[in-house]
Amino acid sequence: MQAVKDIDHYLAHDKLPHMWCPGCGLGSILKQLLLSLAELQIPREKAVLASGIGCSGRAGDYVSFHRFQGTHGRALAFATGIHLADPRLTVICLMGDGDCGAIGLSHLIHAARRNINITAIVANNLNYGMTGGQYSPSTPEGAITSTSRQGKVVNALDLCRLAADAGANYVARSTVYHIFEAQKMLQAALNTQGFALVEILTPCPTYFGRYNKLGSAVDMLEWLKKKTVPLDLFRKMNDEQQQEYFWRGVLAEQNTPDFLTRYRRKELVE
Amino acid sequence: MLCTVVCQMSRSDPKLALSQEVIVCPARVFLLELIPLDAKNVASAATIAPKGLSPETSRVTLARWHLKNANNVTCVSIVAPTLHWRCVTMTRSRFLQGNEACALGGIAAGALFFAGYPISPATEIAELCSNLLPPKGGIYIQMEDELASLAAVVGASLSGMKAFTATSGPGFSLMQENIGFAIMSEVPCVIVNVQRFGLGTGIATQPGQSDVMAARWGTHGDHSIIALVPASVQECFDLTIEAFNLAERFRSPVVVLIDAIIAHLRETVRIPEQVNKIERIRPSGPIEGFQPYAPEENLVPVLPNYGDEYILRVTGLVHDQYGYSSANPDVGGQLVGRLIDKIELYSHELPEPEYTGPEDPDVVVISYGISARSALSAAQRGGRQGLSIGVLKLKTIWPFPEQAVTRTCARASLVVVVEMNKGQVLREVKAAGITRAIGLNRTDIRVIMPGEIISFVKERCSCAGS
Amino acid sequence: MKEWQILLSGSGGQGLGLAGRILATASLHEGLNATQSQSYGARARGGYSESGVVLSSRKIIFPLIEQPNLLLVLTDKAYQKNLNSQTNLVHVVFDSDNVAMSSGQKIYGFPLARWAGELGNEKGVAILSLGVITTLFGLVKSENIEKAIAENLAPTLLKPNLSCFRKGLEVVKCQGLTPINDPA
């Protein structure tokens, strides 16, 4: 575990404190990302943090290294260009569940399919926080949001399974409660040559928690602890039980050559 | 002198291969670079057979030849029926399709990155780039849609590669989101729109000139944009180079509006020995406290690339000079104002319209693209019939060249704007003060023919006379 | 030389676009100016198809066919589309097996598709027609067409198409038709 001081030079101190609500997990996620960068000793000028629109999109304002904030949902598409034009960069995409799972879903599938060498982080707070708590594709069935007062009609989309099926080299999920596990996953993702996705469940006490009467920010962390089970346990559950829980763990870990490696292999050689 | 020749043994349908050919050269051979050669060197080159190339080679093989004492710039194409290589033609001119000229123009300007999504009638640009960019160390990538295509182009440009995409109306609509983003975040890139007929999905293979306003106002929010309109295959080459240069000069996306007729027309293109390229200016001065969005005197900031020691913060939100997002009204107002002024106040640097005709014409025809070719022909033929017609052919369509238009039309009794739409440029001519201007318009996929323009002018002239 | 506006018309798959490109590139070898346009999209995959070539010793201002003065008609559909109104000023070469019109002054019918078929290269009909047109109208030298064929075709396709072109050249010569050199 890295000391906090090691991430000092990755932070834009004059921009702090951040704009996220009390109890939001985005700050923790950003901190774990910066700790992972420090652990891997990635120099400031070689890292790019790309984000989209929504609460997570603001993360770039708080870092001192290269940042990119694109249009809603397109972070992975922009990042594809950023990476391909300069593969020496460590490109990280931090997205929300609405950003990545709704408007930007096709970019996630295709980035995973291409196995492009980018680390994607989805901060999944189970709703659209920035716009006032509407339901997103990852909102669980029956959950109350500002646009599903009677409970969300359809079940949640599992972005991890989608990315793994599409061909991502590394796919894992954890929560802000299990923050050390999450950091290990982030490091593994950053070490992956190819597409890596880490989904981190994070509390949104302001909207999702309030609408669903999940209590305070601390209560929501407890809720994340209760609602998640390790992947192997989850696999042993029946369908009905699975509806009640989120799995945690590493879903995919492989070493398929990434897009650029394969692209250059096809290229003309002397 | 290093020269690079690629021989591609294509397994694909010969017809398909032909559609991708670059010059008067066999379907299976693609020329990568314009090669300075003189006759002597061609002779010596012809005797060199690349090692290890077999007829079974189904993909690609690259051979590099070192040629010394090269002076004349010519280009050479090589036939590889078997292992015997020979030179068949040397020429400085190439018979090219508009789309091919556009792709070659982009590459000549230094583009190394193309991201796109297939769409008629623009596909040849993507096809050619997919062949020519990889051997240059560049990237061709087919994205999942046009939104992603322009996003990837913007990303690549920020990492330091000159980048472009090509599309047509429906794809252009999808790109509007990121055109606005690129304007806001000041990312140089080129968007080629090969205009097809109609709104919606229109008629995919038929021509139109109806995306003029979409190029100007397609994305939301106040902004300015540069758009160029080639009227010949030569101009497809020249103006695509110009577009890349202007993109770097102004740090802004530049649109090239080609119509499907010019895009598929084949004409002779003269390819100069060296093209004028504007390379990206890199920041200097202290790294600490660097403000990427602090403008220079010409209102354009000097941005670093990702990977530079200077830290680049890019956002489509209103941002301060550090690149941090801001909700400060003054910051927002100044930014939008500067983004417009940096182009509008320097629009005299953009390609001027070309005037052809008598000094003081009775009739001025304003046109662009294929319609301008009709207008030029009509003016010449009309001249033989005693009509005094001058043609103002636009090269830059945005910002609209108001001054040139008002100057040229000042004393003409009749001003006709000829375009394959319902009067998109006509509005601008009127807005420039030429309220008497009238439109000759067509929106039925048919090209406006020279004869039609002559009849139109004659009718109006006789009315005016009587 | 006045401006030739040549319209090659027939159906998709007859090689009209390629023939147009060959004619245009051949004329470049003679120092002429040329432009070439052709049907695009679904029409090129069957149904009516055309290719236009403008040849001139002067700069070509308008690059498309406005009023063809030389027309190749290979199918009935092409005849219906292009010959209903403007037969007068046009030199016409038509496929006498497939188009219901009769030869006359400036109008020449030959069984073009049949000849190409006899050579085992039905797709070569437009190139065979180039041979006919070259002999009849002397637009460009036949050696330059052959050169252009070599430049525009993959080596394996060279031989069958050259024989089509030569067949077109010869059959017309045998009929003793005199070349016309002016598009008027």
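The sequence lines fix the lettering, A, B, ..., with proteins before strands; numbering per chain opens at 1. Since we're looking at a predicted model, the values are computed, not measured.
- Using modelled atom types, one side-chain atom of A:T192 and one backbone atom of A:A188 make a donor-acceptor pair closer than 3.5 Å.
- For B:L112, no part lies near chain A; criterion is any non-hydrogen pair under 4.5 Å.
- Ring geometry, B:F164 versus B:F244: the interplanar angle exceeds 60°, so the pair is classed perpendicular (tilted spans 30 to 60°).
- Few gaps surround CD on B:E279; more than 12 heavy atoms of other groups in view lie less than 6.0 Å from it.
- Proximity to chain B is limited to the side chain of A:L260, based on heavy atoms less than 4.5 angstrom apart.
- Among B:I141, B:V154, B:L150, the residue with the largest count of heavy-atom pairs under 4.5 Å with chain A is B:I141.
- Relative orientation of the B:Y293 and B:H319 rings is tilted, given thresholds of 30° and 60° on the angle between their planes.
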Evaluation steps, ring pair (Phe, Tyr, Trp, His ring centres under 6.0 Å), between A:F259 and A:F195
CA-CA 9 Å; A:F259 176 86; A:F195 189 72; over 10 Å; no

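- With a 4.5 angstrom heavy-atom cutoff, A:V63 touches chain B only via backbone atoms.
- At a 4.5 Å heavy-atom cutoff, the contact between A:L89 and chain B is made by side-chain atoms alone.
- Within the 4.5 angstrom heavy-atom criterion, only backbone atoms of B:N305 (N, CA, C, O) approach chain A.
- Heavy-atom pairs under 4.5 Å with chain B peak, among A:T71, A:T80, A:D86, at A:T71.
- Interface residue B:L312: backbone and side-chain heavy atoms are both found under 4.5 Å from chain A.
- Formation of a donor-acceptor pair under 3.5 Å by the A:D97 side chain with backbone atoms of A:G101 is not found in this model.
- Annotation: residues 13-20 of chain A contacts chain B through A:K15 [non-hydrogen atoms, separation under 4.5 Å].
- Side-chain atoms of B:Y322 and B:R313 form no donor-acceptor pair, as typed in the model, at a separation below 3.5 Å.
- Residue with the most contacts toward chain B among A:E45, A:R58, A:Q69, A:H66: A:H66 (heavy-atom pairs, distance under 4.5 Å).
- Within the 3.5 Å criterion, the main-chain N or O of B:T315 finds no donor-acceptor partner in the side chain of B:S185.
- By the 6.0 Å contact criterion, OH on A:Y62 is enclosed, its count of non-hydrogen atoms from other residues, nucleotides or ligands being greater than 12.
- In this structure, the side chain of A:T139 engages the main chain of A:S136 through a donor-acceptor pair within 3.5 Å.
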Evaluate the criterion salt bridge (Lys or Arg N to Asp or Glu O under 4.0 Å) for residue pair A:R67 and A:D61; output intermediate values, then yes/no.
CA-CA 8 Å; A:R67 69 79 64 101; A:D61 270 357; 2.7 Å; yes

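- Contact count versus chain B (heavy atoms, under 4.5 Å) is highest, among A:A47, A:A79, A:G60, A:S64, for A:S64.
- With a 4.5 angstrom heavy-atom cutoff, B:Y324 touches chain A via backbone and side-chain atoms both.
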